[in-house]
Undergrad: 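Below is the structure I would like to discuss, written out as structure tokens.
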Amino acid sequence: MAMTTNLLATSKAVKLHGVRFFSSFLSRPNHFLACRLPQSITRRVQTSCCYRETSFKAESPEREPSSVSDGVGIIRFLKGKTYLITGATGFLGKVLIEKLLRTSPDIGKIFILIKSKDQESANKRLYDEIISSDLFNYLKQMHGRSYEEFMKSKLIPIIGDIGEDNLGIRSEIAANISGEIDVVISCAGRTTFDDRYDLALNVNALGPGRLLSFAKDCKKLKLFLHISTAYVTGKKEGTVLETPLCIGKNITSDLNIEHELKLASEAVRKLHGSGEIKKLKELGIQRAQHYGWENTYTFTKAMGETLIQTMREDVPIVIIRPSIIESSYKEPFPGWLQGIRMTDPMILAYGKGQISGFWGDSQSFLDIIPVDMVVNATIAAMAKHGCGNSDLKVYNVTSSSHAHPLRAGEYMDLCYQHLCDFPLTVIDLARWKFHSSLDGFTSSVFDIIAKQERGTKNEGGEAEESHTTLSFKGKRILDYFVSLARTYEPYTFFQARFDDTNTRSLIQEMSIEEIEMFEFDIKSIDWEHYIVNVHLPGLKRESLKERSN
């Protein structure tokens with residue numbers, strides 16, 4: 001405990017985000033999915049493929065749900081409870097708030113930690129980023145003219161910062177709200193893979209500890225729930241278990257968080273000038289890879305988990321570890337997305353003709369999970385463990401645990417189908433290619449950029465130049481895609497699979513009504529429908545929104 005106190009004490013010095021589309025799916029040969037399509041499809045795809053013969057459709061869950069009278073008791077638990085949520089304006093946090101308010105309008109308050117200079121600007125952020133968001137359109141229909149009044153009665157902005165001591169909350173406010181809170185939900189985090197090491201440490205590593213310290217002062221506390229990531233173990237092969245991280249057990253005892261904080265703080269003190277940010281990013285990657293993690297994000301999230309384990313004492317803890325969170329599958333409407341995420345930049349670049357493939361393995365597991373399923377699993381786990389038992393439970397909310405997990409090649413073939421039928425621009429789209437080497441991918445992107453630049457020059461009436469050089473803009477574009485390939489390499493060659501024993505056991509305990517209202521069984525996902533008719537149209541809408549903004 002003394003070590004934890006020291007870590008948190010050093011933090012001050014370090015300072016260390018309802019439309020359906022349909023595609024003529026079988027209008028073109030499908031390279032990667034040919035062996036997954038059921039025999040009943042009338043138009044068979046003629047192509048060679050190494051995938052096993054199996055249906056790509058949703059499977060019926062192999063379970064017998066609990067009877068009507070029992071279950072986890074989700075609705076009963078939610079009623080009247082008061083929450084403190086960090087990261088509430090982010091992608092997952094907003095969907096979580098929407099589901100809580102929609103399924104249990106009689107819950108208590110939801111205190112939202114918001115980084116803001118004063119109460120007026122905090123209220124404005126609450127309105128601009130949550131209350132007026134199209135995510136809450138269903139709630140607007142439910143409450144009509146009283147919608148804003150309802151939202152403001154439930155959502156209470158608290159000025160604070162997860163990166164500051166005592167969460168940056170004024171002592172008198174902290175004392176007032178600590179007597180009301182039943183559940184503390186940690187959703188905040190810096191999600192950039194190559195983030196500045198000092199900032200990632202401050203938020204991802206120390207932030208959960210600060211929040212847990214606050215939670216311990218909450219007199220009615222029933223649960224501390226932390227959102228982590230399935231990739232937090234740094235494992236690239238084999239099976240990733242649902243076990244807590246602990247230095248000296250499943251994390252090397254060589255890792256000393258206090259030393260990492262001092263290292264980052266010293267780097268901040270020494271580095272000055274235009275190269276400071278770049279060097280701090282490089283430091284994060286170096287330290288992560290030194291200890292066996294892919295990037296700064298997963299490394300610092302792992303440290304955050306170990307601090308929770310060290311500090312928790314008798315506080316009941318749930319850790320949710322989702323994989324790659326993407327657009328909503330069903331709720332509150334299909335395809336809702338906030339921000340261009342993980343695989344999305346590659347898909348958009350492909351649809352615009354900027355790249356024709358990527359560095360990766362077509363057989364690698366692409367572990368994506370819809371955001372509404374992550375939220376449903378979170379709420380179910382909250383109700384299950386919010387009864388005061390002083391244990392720590394980890395839930396992997398992932399899709400590679402499925403008997404037939406989604407492969408990168410299958411995903412990209414679905415993207416090819418959709419982008420051919422509903423193109424982003426007027427181009428002759430080539431089938432996606434996986435490059436086995438970074439040099440091969442780099443050469444491919446170079447050729448595309450050079451060809452486009454030659455075409456632009458010719459249209460302007462200038463003589464065609466050699467394609468052995470690129471313009472300054474072309475070089476920047478090339479550097480961006482090469483950097484993206486390097487960043488995503490651990491995931492485009494990912495071969496590990498996530499165990500979800502705890503998650504499946506939770507489903508087994510739910511009643512039929514609870515499963516209908518809080519569905520998160522991955523066996524129910526129709527991947528073809530989700531990617532072609534839900535996610536990609538949602539991605540296009542979000543891309544257009546960002547461009548217009």
Side-chain angles (χ1 to χ4, degrees), residues 7 14 16 189-208 228-241 243 245-268 270-271 275-307 321 323-324 342-343 345-346 358-361 364-367 408 435-439 441-442 479-498:
L7 294 181
V14 178
L16 296 130
R190 294 179 66 93
T191 58
T192 303
F193 287 170
D194 60 344
D195 200 4
R196 285 179 51 154
Y197 195 36
D198 57 330
L199 300 183
L201 278 170
N202 189 36
V203 174
N204 296 342
L206 297 187
S228 185
T229 170
Y231 301 95
V232 76
T233 64
K235 196 169 185 177
K236 301 176 185 178
E237 296 179 350
T239 302
V240 180
L241 301 175
T243 52
L245 294 182
C246 184
I247 294 176
K249 292 183 179 179
N250 49 8
I251 291 182
T252 174
S253 57
D254 294 337
L255 175 60
N256 184 305
I257 300 178
E258 190 166 3
H259 172 71
E260 296 304 312
L261 293 169
K262 290 178 179 177
L263 190 68
S265 181
E266 184 68 13
V268 171
K270 288 182 177 180
L271 295 174
E276 177 184 0
I277 295 176
K278 180 181 178 183
K279 290 176 181 177
L280 287 171
K281 288 183 174 183
E282 291 173 349
L283 177 62
I285 295 293
Q286 290 168 6
R287 300 308 293 169
Q289 294 179 351
H290 173 75
Y291 287 108
W293 275 264
E294 301 91 351
N295 51 58
T296 308
Y297 169 64
T298 54
F299 182 42
T300 53
K301 289 290 283 187
M303 287 191 241
E305 278 202 29
T306 63
L307 268 184
R321 292 181 183 163
S323 50
I324 303 169
M342 195 66 177
T343 62
M346 296 181 292
F358 209 65
W359 185 28
D361 180 2
S364 63
F365 298 130
L366 188 63
D367 202 308
H435 297 273
S436 59
S437 70
L438 181 59
D439 287 343
F441 169 69
T442 304
D479 289 345
Y480 165 74
F481 286 119
V482 171
S483 174
L484 203 64
R486 285 198 176 104
T487 300
Y488 287 173
E489 182 270 338
Y491 306 96
T492 54
F493 289 92
F494 192 72
Q495 292 298 329
R497 296 180 72 168
F498 298 103

Undergrad: Determine the sole option in F193, Y297, F498 for which the ring pair (Phe, Tyr, Trp, His ring centres under 6.0 Å) test with Y231 is passed.
TA: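 By the ring pair (Phe, Tyr, Trp, His ring centres under 6.0 Å) criterion, Y231 pairs with just one of F193, Y297, F498: F498.
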Undergrad: So, W359 versus F493, ring centres under 6.0 angstrom or not?
TA: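 Between F493 and W359, which both carry aromatic rings, the centre distance is below 6.0 Å.
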Undergrad: Find the distance between CG (N250) and CG (L241) and round it off to the nearest 0.5 Å.
TA: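 So the gap between those two atoms works out to 9.0 Å.
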Undergrad: Sort out for me which residue in T300, D194, I285, T487 forms a side chain to side chain contact (heavy atoms under 4.5 Å, CB included) with N295.
TA: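 It is I285, the one option of T300, D194, I285, T487 that forms the side chain to side chain contact (heavy atoms under 4.5 Å, CB included) with N295.
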Undergrad: How far apart are the closest heavy atoms of D367 and S323, and which atoms are they?
TA: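 Where D367 meets S323 most closely, the heavy atoms are OD1-OG, 2.5 Å.
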Undergrad: Regarding T442 and D439, is there a side-chain donor-to-acceptor distance under 3.5 Å anywhere?
TA: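 Side-chain D/A pair, T442 to D439: absent.
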Undergrad: Looking only at non-hydrogen atoms, find the nearest pair between V232 and E305 and report the distance.
TA: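 Scanning both residues completely, I find the closest heavy atoms to be CG1-OE2, 3.5 Å.
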Undergrad: State whether the side chain of S364 and the backbone N or O of T492 hold a donor-acceptor pair below 3.5 Å, judged by distance alone.
TA: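 Yes, S364 side chain to T492 backbone: donor-acceptor pair under 3.5 Å.
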Undergrad: Under 30°, 30 to 60°, or over 60°: which ring-plane class applies to W293 and F299, parallel, tilted or perpendicular?
TA: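 Judged by the thresholds at 30° and 60°, the geometry between W293 and F299 is tilted.
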Undergrad: Are more than 12 heavy atoms from other residues, nucleotides or ligands located less than 6.0 Å from atom CG of L438?
TA: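 Yes, because the 6.0 Å sphere around CG of L438 holds more than 12 heavy atoms from other groups.
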Undergrad: Can you measure from OG1 (T191) to CE (M342) and round to the nearest 0.5 angstrom?
TA: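 If we round to the nearest 0.5 Å, T191:OG1 and M342:CE are 11.0 Å apart.
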Undergrad: Which heavy-atom pair separates E294 from Y491 by the least distance, and what is that distance?
TA: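 Closest approach of E294 to Y491: OE1-OH, 4.4 Å.
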Undergrad: Cut-off 3.5 Å, side chains only: do Y197 and E260 have a donor facing an acceptor?
TA: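 Yes, because at least one side-chain N or O of Y197 sits under 3.5 Å from a partner of the opposite role on E260.
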Undergrad: Within the structure provided, determine whether Q495 and F365 are in side-chain contact (heavy-atom separation under 4.5 Å).
TA: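 In contact.
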Undergrad: Between S228 and R321, what is the shortest heavy-atom contact and its length?
TA: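 Closest approach of S228 to R321: CB-CG, 4.1 Å.
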Undergrad: Give me the atom names and distance for the closest heavy-atom approach of V268 to E276.
TA: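 Heavy-atom minimum between the residues: O-OE2, 4.3 Å.
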Undergrad: Ignoring hydrogens and angles, tell me if any N or O in the side chain of N204 forms a donor-acceptor pair with the backbone of R190 under 3.5 Å.
TA: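 Between the backbone of R190 and the side chain of N204 there is a qualifying donor-acceptor contact (under 3.5 Å).
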Undergrad: How far apart are the closest heavy atoms of A205 and M303, and which atoms are they?
TA: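 Heavy atoms of A205 and M303 come nearest at CB-CB, 3.8 Å.
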Undergrad: Starting at CG of D361, measure out to CG of L366 and round the result to the nearest 0.5 Å.
TA: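 D361 atom CG to L366 atom CG measures 12.0 Å (nearest 0.5 Å).
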Undergrad: Once you round to the nearest 0.5 Å, how far does CG of L283 lie from CG of L263?
TA: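 It comes to 5.0 Å.
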Undergrad: How long is the span from the CG atom in L199 to the OG1 atom in T192, to the nearest 0.5 Å?
TA: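 Reported to 0.5 Å precision, the distance equals 10.0 Å.
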Undergrad: Is it the case that the side chain of D479 and the backbone of V482 share a donor-acceptor pair, with hydrogens and angles ignored and the cut-off at 3.5 Å?
TA: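 Side chain of D479 to backbone of V482, a donor-acceptor pair under 3.5 Å: no, none is there.
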Undergrad: Would a 4.5 Å heavy-atom cut-off, applied to side chains only, mark L201 and L206 as touching?
TA: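 They are not in contact (no side-chain heavy atoms under 4.5 Å apart), so the answer is no.
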Undergrad: Does the side chain of I277 reach to within under 4.5 Å of the side chain of R196, using non-hydrogen atoms?
TA: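 Answer yes - side chains close enough.
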Undergrad: Would you give the length of the straight line joining atom CG of D195 to atom OG1 of T296, rounded to the nearest 0.5 angstrom?
TA: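 These two atoms lie 7.0 Å from each other.
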